[in-house]
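See below for the structure under consideration.
Quick note on labels: first sequence line is chain A, next is B, and so on, each numbered from 1.
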Amino acid sequence: MKRTAYLADLTSAHLDQTVTVQGWVARRRDLGKLIFIDLRDRSGTLQIQIEPESPAFAEADRMRGESVAEFTGMLRLRPENQRKAGSGAYELIADRATLLSLAVTPPFELSKGREVAEDIRLKYRYLDLRRPEMFEKLKMRSQVSAAITAFLTAEGFLNVETPLLTRSTPEGARDFLVPSRQTPGEFYALPQSPQLFKQLLMIAGVDRYFQLARCFRDEDLRADRQPDFTQLDIEMSFVEQDDILDVSERLLRHLFKTVLNEELPDPFPRLTYQQAMNTYGSDKPDLRFGLPLVEVTELFRGGAFTAFASAPSVKVLATSELTRKQIDELERVAKQNGAGGLAWLRREGEGFSGGISKFVGDMATELITRTGVKEGGTLLLAAGEWKKAVTALGAVRNALRDLLSLATEGFQVAWITDFPQLNYDEDSGTWTYMHHPFTAPHPNDLALFGTERQHEIRAQAYDLVLNGFEIGGGSVRIHDPAVQQQMFGAIGFTPEAASEQFGFFLDALSFGTPPHGGIAWGFDRLMMVMSGAASIREVIAFPKNNRGSDLMAQAPSAASGAQLAELGLQVEVGSE
RNA sequence: GGUCUGGUAGUGUAGCGGUUAGCAUAUCUGCCUGUCACGCAGAAGGUCGCGGGUUCAAAUCCCGUCCGGACCGCCA
């Protein structure tokens, strides 16, 4: 029999009517003769009452936790002193019960939820997803996805799909390869992003494109990274950077308003890359708390503390009183993030004790003034080459956030702009692109190409940062072939090499390319932050663990000899 | 590749040289007609991840390994 309604949709209109409900047995309370069952479906729960004389009794008596059941009976208002909110105001007096599917004892108690080890939840993901908390995340994701589609469609964007089986191009990440059966020895690559395709769509005249695109990168995982993930990919023609930022802002404000009823600022704050790094030690600063890095390089220059005396950069963080153990832990963080060490000082009156205090005698007053450190408070200092020093202290800043619960409630969004166009790779001694090789440099900086100041070239590239997570990034693209040549030249691509690797794309650029640019949002990350989840896995229906394996489906798995033969492949498994 | 951290009944945990390996919950049985984390009584359930070592004695200490998790490298 068809169910009357979802459990949470039963209202006073159904009161004293015969209704049929279906769902899972969330809990069973057997009082001997009288049985109560809490039935759960995706909408909520409803208490079912089975009286001992009821024809439903024998069937209900067989039901166990997580079994699927159907009940028909009269919907009643609960006794007044027992009513709860929503469907908790009602109960169903069953006169017919059907056990649709008896469940074996589940491997974990669904009601324990969060307390259960994640690998067990992942192995039995379909059970984990029965938990209301998990269902709510799936639901929110679907709502955001629908809102994105509606908003961008209304703005004139076209949703276009791009291939998943495509060509490997030398971009940033490692590709996942798919062997070709029809041409043995050749491989497709799964796209790291639809980057080239979306630019080709601009060349094709689509003008405004978006797609919720699956992307694949074969790199090590993190709490906010999966090997296959979803990107909201956007590209627009005949626009400048501010046009792209404007659409992005309006879209994000719309999503937060409609889905979370949260107001985001208009406009979003903007920080340049330089400002973000210098002040917060990160290109994705968490702006839910202050704690800026303070500049003290010249205070220590030529001083008694030799480690700092000639350092290009010395930065300091002022925080509350910390224990030695906490400082040791923070030093570990600093070292893991590239610092040689983490110096510290404790304010005592108008001077300092502990740590490197014997070196700071005459600069104590100036340190106190600049940092505003309170009595008993701690200063944490890192020195070195500017980027190393600020990065290490930026990591310490985030560690302090976690240690002292500094982050405020809610959402803090910002644009990070003016990223460097080029990055010097110390290991290989070569220049590389920071964003991607088609990113347009700032027009005012073009003259710096090929000079020793080319690291100062600013790109028309920007990241969208939310609560310390990079949730989006994009750029204006190069549409001038001469600039493209300069860019390839800077990163050591000869015209031949460029043509070999991006030939079809460079051909396309030569046939009339509009000025264009775009952005890609990490959709999973956005959902993670919006839903307050601690990991990206919480907002993906069937995620992979930290080692890239799907504990439920047990992927990846070995291929059979026949499959390999058909593909012309042989496998050598790592022998030492 | 590296750093840190964990692995004890189905689940969550205590124990950290000598315990019958404890507790909670789930499971099973009995009792119970207004419960709602129902209650009460009882039962069953553990190669203490795996291998080696130290010791009279190892869940406990040491080494290795496997499996989780966080981070660094990596991820335009």
- Message: Check this for me: does the side-chain of Gln336(A) come within 3.5 Å of the base of G73(B) through a donor and an acceptor?
- Response: no
- Item | Heavy-atom donor-acceptor pair, Arg217(A) side-chain to C75(B) base, under 3.5 Å | no
- Item | Exam field: side chain Gln501(A) to backbone Ala498(A), donor-acceptor pair closer than 3.5 Å | no
- Using modelled atom types only, decide if a donor and an acceptor are shared between the side chain of Asp445(A) and the backbone of Arg458(A) within a distance under 3.5 Å. yes
- Partners of Tyr424(A) by ring-ring contact (aromatic ring centres under 6.0 Å, His included), sequence neighbours excluded? Trp431(A)
Base paired to [N] (Watson-Crick or G-U; both N/O distances under 3.5 angstrom):
N      : value
A21(B) : none
U35(B) : none
U3(B)  : A70(B)
G42(B) : C28(B)

Touch class at under 4.0 angstrom, heavy-atom based, for [X] against every strand present:
X         : result
Asp220(A) : base
Arg78(A)  : base
Glu91(A)  : base
Leu551(A) : sugar-phosphate
Lys335(A) : nothing

- Message: Closest-nucleotide mapping onto RNA chain B: is Arg537(A) or Glu53(A) further toward the 5' terminus? I mean the 5' end.
- Response: Glu53(A)
- Could you pick out which residue, Gln231(A) or Leu122(A), lies toward the 5' side of RNA chain B when each is mapped onto its nearest nucleotide? Leu122(A)
- Item | Contact list for residues 28-42 of chain A, test side chain to side chain donor-acceptor pair (under 3.5 Å), sequence neighbours left out | Arg28(A)-Asp30(A), Arg29(A)-Asp38(A), Arg29(A)-Gln47(A), Arg40(A)-Glu66(A), Asp41(A)-Ser43(A)
- Does anything in residues 73-86 of chain A pair up under side chain to side chain donor-acceptor pair (under 3.5 Å), and if so which pairs, sequence neighbours excluded? Asp16(A)-Arg76(A)
Restricting to nitrogen or oxygen on both sides, can you table the protein-nucleotides 10-13 of chain B pairs closer than 3.5 Å?
| from | atom 1 | to | atom 2 | distance (Å) |
| --- | --- | --- | --- | --- |
| G10(B) | O2' | Pro107(A) | O | 2.5 |
| G10(B) | N2 | Glu109(A) | OE2 | 2.8 |
| G12(B) | OP1 | Ala117(A) | N | 2.7 |

- State which residues pass side-chain hydrogen bond (donor to acceptor under 3.5 Å, both in side chains) with Arg167(A); sequence neighbours excluded, sorted by chain then number. none
- Those residues that, when tested against Arg225(A), pass side-chain hydrogen bond (donor to acceptor under 3.5 Å, both in side chains) (two or more places apart): none
With rounding to the closest Å, how many angstrom separate the [atom1] atoms on [N] and [M]?
N      : M      : atom1 : result
G68(B) : C50(B) : C1'   : 15 Å
U29(B) : A21(B) : C1'   : 26 Å
C56(B) : G64(B) : P     : 24 Å
G69(B) : C28(B) : P     : 31 Å
G45(B) : U20(B) : C1'   : 16 Å
A37(B) : A44(B) : P     : 30 Å
C67(B) : U8(B)  : C1'   : 15 Å

Polar atoms only, N or O, under 3.5 Å: list the protein pairs with nucleotides 38-45 of chain B and their distances.
| from | atom 1 | to | atom 2 | distance (Å) |
| --- | --- | --- | --- | --- |
| C38(B) | OP1 | Arg27(A) | NH1 | 3.3 |
| C38(B) | OP2 | Arg27(A) | NE | 3.3 |
| C38(B) | OP2 | Arg29(A) | NH1 | 2.9 |
| C38(B) | N4 | Asp30(A) | O | 2.3 |

- Query: Pairs in or reaching into residues 381-407 of chain A: which pass salt bridge (charged side-chain N to carboxylate O under 4.0 Å, His left out), with residues at least two apart or in two chains?
  - Reply: Asp286(A)-Arg401(A)
- Sort and list the pairs that fulfil salt bridge (charged side-chain N to carboxylate O under 4.0 Å, His left out) and have at least one residue in residues 536-558 of chain A, not counting sequence neighbours. Glu118(A)-Arg537(A), Arg121(A)-Glu538(A), Lys137(A)-Glu538(A), Asp228(A)-Lys544(A)
- Query: Will you find, in the side chains of Asp233(A) and Tyr209(A), an N or O donor that is under 3.5 Å from an N or O acceptor?
  - Reply: yes
- Query: Quick one: is A70(B) close enough that its OP1 or OP2 comes under 4.0 Å of any side-chain N or O from Asn546(A)?
  - Reply: yes
- Query: Is any side-chain N or O of Asn545(A) closer than 4.0 Å to OP1 or OP2 of G68(B)?
  - Reply: yes
- Message: Strictly under 4.0 angstrom, non-hydrogen atoms only: write out the protein contact profile of nucleotides 4-9 of chain B, one letter per nucleotide from the 5' end, B, S or -.
- Response: S-----
- Winner on side-chain proximity to Lys33(A), out of C72(B), U33(B), G68(B), is U33(B)
- Tell me which nucleotide among G68(B), C75(B), C36(B) gets nearest to the side chain of Gln82(A). C36(B)
- Item | Listed partners of Ala334(A) passing side-chain contact (heavy atoms from CB on, under 4.5 Å), at least two apart | Ala339(A), Leu342(A), Val396(A)
- Message: Could you work out, with side-chain contact (heavy atoms from CB on, under 4.5 Å) as the rule, every residue matching Leu102(A), not counting sequence neighbours?
- Response: Arg64(A), Ser67(A), Leu99(A)
- Is the Phe502(A) to Phe438(A) ring centre distance short of 6.0 Å? yes
